2 protein chains.
Amino acid sequence: MTKKRISESTIHRLSLYLRALSVLEKESHETVSSKELAKREKLTPAQVRKDLSFFGSFGTRGLGYPVSDLKKQIASILGIDRLWKVALFGVGNIGSALVSYKEFSRQGFQIIKLFDNDQRKIGSNHKGIIISDIKDMEKELQEAQIEIAVIAVPATVAQYIVDDVVKAGIKAILNFAPINLKVPQDVYLRNENMSMELEYLSFALVNNHSQKRPKI
Amino acid sequence: MTKKRISESTIHRLSLYLRALSVLEKESHETVSSKELAKREKLTPAQVRKDLSFFGSFGTRGLGYPVSDLKKQIASILGIDRLWKVALFGVGNIGSALVSYKEFSRQGFQIIKLFDNDQRKIGSNHKGIIISDIKDMEKELQEAQIEIAVIAVPATVAQYIVDDVVKAGIKAILNFAPINLKVPQDVYLRNENMSMELEYLSFALVNNHSQKRPKI
DNA sequence: CGTCTCATGTGAAAAGGTTCACAAAAAAAT
DNA sequence: ATTTTTTTGTGAACCTTTTCACATGAGACG
Ligand SMILES: NC(=O)c1ccc[n+]([C@@H]2O[C@H](COP(=O)([O-])OP(=O)(O)OC[C@H]3O[C@@H](n4cnc5c(N)ncnc54)[C@H](O)[C@@H]3O)[C@@H](O)[C@H]2O)c1
Ligand SMILES: NC(=O)c1ccc[n+]([C@@H]2O[C@H](COP(=O)([O-])OP(=O)(O)OC[C@H]3O[C@@H](n4cnc5c(N)ncnc54)[C@H](O)[C@@H]3O)[C@@H](O)[C@H]2O)c1
């Protein structure tokens with residue numbers, strides 16, 4: 001059996017399905033159709049069914065998908081049926097916001113290490129976590145068994161930090177700095193670029209850009 | 001002349017070109033080839049040329065693209081050769097971080113209005129801007145001629161705020177709340193979903209997901 | 001129990017996006 | 001002045017993703 005490559009879009013939509021299923025569960029729905037699920041996330045029913053079909057058969061014909069069970073299944077596919085240990089680099093404006101955000105740990109992403117190079121911040125307690133000196137990164141990352149790094153330092157230093165993070169053995173990085181980071185092939189890197197979305201809005205406004213959305 | 005629809009990916013890549021061109025300009029490069037531009041943003045030369053060709057011919061054969069000129073052209077295409085007036089809703093963790101971020105205004109996005117419903121925050125000065133009562137939204141949005149709204153309120157109230165924002169005539173919204181907002185066809189909506197990227201990393205880690213060239 | 005309705009799962013078709021490959025044009029070299 | 005080199009711009013080919021459409025299976029109902 002060949003492991004077919006799953007598209008980035010499909011994976012992102014799994015996150016959306018998960019979100020919708022959480023709401024459906026709170027609303028005490030036992031089952032949900034691909035039609036309803038699609039409607040809740042502005043997608044098409046065919047898209048929902050196709051996405052899920054890559055991973056198995058979770059539904060019942062004539063009935064739909066069992067809400068709680070599908071939610072568990074998708075969580076398992078995404079690998080969030082467990083805890084992930086996350087370290088944050090740069091406890092500044094955006095870094096502080098991320099640490100305060102409880103939703104992440106609720107989803108299994110636990111920020112348990114904070115690093116900075118500002119002497120005024122190092123050693124201080126931030127939301128129950130002592131901020132570590134970036135110099136001790138390698139040792140502390142390994143001791144704490146960190147698996148994911150979040151980069152929230154200025155763009156000018158981001159590459160240096162990432163080089164060290166990679167050296168310390170981290171294989172997954174979420175980057176907020178507006179710079180194209182170089183990482184080895186076996187390190188997963190995702191970028192969060194807010195300017196890009198503002199620029200998209202700007203483009204859409206000045207060009208009357210036709211919206212692409214599923215017609216339902 | 002038929003206006004061909006430009007893909008979302010192309011628009012996002014324009015942002016990347018712009019970023020690379022800014023660096024090239026700082027490095028005093030007069031011209032740049034599609035090859036070099038591609039390398040700097042982990043894309044292919046053909047992709048760069050194809051993207052630009054949708055908007056015109058900006059290069060010289062045998063020489064490449066003039067850095068400063070191309071930068072101006074792309075800024076104009078994206079509509080950021082001007083100032084955009086932005087209002088922010090919800091001056092909490094993430095909202096505060098966004099207001100403090102100087103890069104936005106450097107790119108032409110000026111956050112000039114802040115709204116909240118917390119009486120302790122209303123009336124106080126935050127980074128030189130007085131926080132307004134959300135109740136006065138409609139009047140204040142129109143007086144300040146706001147064109148873009150950034151939503152940084154809890155997900156539970158985001159839809160209500162957005163409904164009012166739309167009523168006030170805003171046509172572009174950047175949303176940070178993890179919820180699928182309903183807006184009319186003629187309103188541009190972009191979502192910033194950080195959990196999605198963490199979940200992508202989680203998926204990649206547990207599935208040894210083969211890396212494809214980063215699309216964005 | 002048979003029929004009816006509903007909704008999944010999935011090949012096939014269609015649409016959309018990316019890469020190829022090359023003619024054309026400009027610059028550089030001889 | 002001519003040849004060689006470089007690099008753009010772009011149709012065509014290729015590949016990926018989305019949508020279609022329908023057979024199939026499960027529950028509902030008389
Ligand atoms: N603030 C935002 O809303 C926002 C939005 C988009 C992107 N970003 C990006 O996120 C990053 C952080 O932005 P910010 O606004 O939080 O900046 P900030 O200056 O508030 O925070 C940066 C933090 O990194 C620390 N730091 C600096 N150099 C360091 C080093 N060598 N090692 C360890 N720590 C170091 C600083 O001490 C500071 O605490 C930047 O790359 C920025 O472009 C921020
Ligand atoms: N903090 C993060 O790192 C982060 C990350 C991703 C997404 N988000 C999302 O961003 C949004 C804000 O998150 P946060 O962490 O900044 O929360 P927060 O509670 O710190 O801030 C929310 C702000 O909105 C204000 N508010 C609440 N109800 C309002 C109303 N009806 N009208 C106007 N203002 C109102 C509050 O007074 C507060 O100032 C949430 O939807 C959250 O899910 C946050």
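Numbered from 1 within each chain, the chains take letters A, B, ... in sequence-line order. Remember, it's a predicted structure, so these values are computed and weren't measured experimentally.
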Winner on side-chain proximity to S9(B), out of dT18(C), dT10(C), dT10(D), is dT18(C)
Tell me: CD1 of I11(B) to C1' of dG17(C), nearest whole Å?
14 Å
Among dT8(D), dC22(D), dA12(C), which nucleotide has an atom closest to any side-chain atom of R49(B)?
dT8(D)
N/O (side chain, Q47(A)) to phosphate O (OP1/OP2, dT19(D)) under 4.0 Å
yes
Separation of dT8(D) C1' from L37(B) CG (nearest whole Å)
13 Å
Take atom CG of L43(A) and atom P of dT17(D), then tell me their distance rounded to the nearest Å.
16 Å
Can you measure L52(B) atom CG to dT7(D) atom P for me and round it to whole angstrom units?
16 Å
Quick check on contacts: within residues 17-36 of chain B, what sits under 4.0 Å from DNA chain D by heavy-atom distance?
S33(B), S34(B)
Decide if atom OH of Y160(A) counts as having more than 12 heavy atoms of other residues, nucleotides or ligands within a radius under 6.0 Å.
no
If you define the side chain from C-beta out and look only at heavy atoms, does anything of I94(A) sit under 4.5 Å from I94(B)?
yes
From NZ of K50(A) across to P of dC20(D) the rounded distance in Å is 13 Å
From CD of Q73(B) across to P of dG9(D) the rounded distance in Å is 11 Å
Under 3.5 Å, N/O pairs linking protein and nucleotides 24-30 of chain C:
residue: dA24(C); atom: N3; partner: R61(B); partner atom: NH1; Å: 2.8

Check A172(A) against V187(A) and note the closest heavy-atom contact, atom names and distance.
N-CG1, 4.4 Å
What pair of heavy atoms forms the shortest contact from K39(A) to K182(B), and how long is it?
O-NZ, 4.3 Å
K127(B) NZ: over 12 foreign heavy atoms closer than 6.0 Å:
no
Any salt bridge linking E8(A) with R190(A)? Criterion: basic side-chain nitrogen under 4.0 Å from a carboxylate oxygen.
yes
Listing, residues 105-114 of chain B side-chain donor-acceptor contacts under 3.5 Å, not counting sequence neighbours, or none:
residue: S105(B); atom: OG; partner: K102(B); partner atom: O; Å: 3.1
residue: R106(B); atom: NH1; partner: E103(B); partner atom: OE1; Å: 2.5
residue: Q107(B); atom: OE1; partner: S195(A); partner atom: OG; Å: 3.4
residue: Q107(B); atom: NE2; partner: S195(A); partner atom: OG; Å: 3.2
residue: Q107(B); atom: NE2; partner: E103(B); partner atom: O; Å: 3.3
residue: K113(B); atom: NZ; partner: E140(B); partner atom: OE1; Å: 2.5

Check this one for me: any side-chain N or O of R5(B) less than 4.0 Å away from OP1 or OP2 of dA15(C)?
no
One thing to verify: whether K171(B) and E147(B) come together as a salt bridge, which I'm taking to mean a side-chain N less than 4.0 angstrom from a carboxylate O.
no
Relative orientation of the end axes in the helix from dC1(C)-dG30(D) to dT30(C)-dA1(D), expressed as an angle to the nearest 10° (five pairs per end)
0°
Spacing between F55(A) atom CZ and dT10(C) atom P, to the nearest angstrom
13 Å
ring-ring contact (aromatic ring centres under 6.0 Å, His included) with F89(B): which residues, sequence neighbours excluded?
F115(B)
State whether Y65(B) places a side-chain N or O below 4.0 Å from either non-bridging phosphate oxygen (OP1 or OP2) of dT6(D).
no
Spacing between E8(A) atom CD and dT18(C) atom C1', to the nearest angstrom
15 Å
Do Q159(B) and D163(B) have side-chain atoms, one donor and one acceptor, less than 3.5 Å apart?
yes
Suppose we screen for salt bridge (Lys or Arg N to Asp or Glu O under 4.0 Å). Which residues come up paired with E192(B), at least two apart in sequence or across chains?
none
When you measure from the side chain of E25(B) to the backbone of E30(B), do you find a donor-acceptor pair of N or O atoms at a distance under 3.5 Å?
no
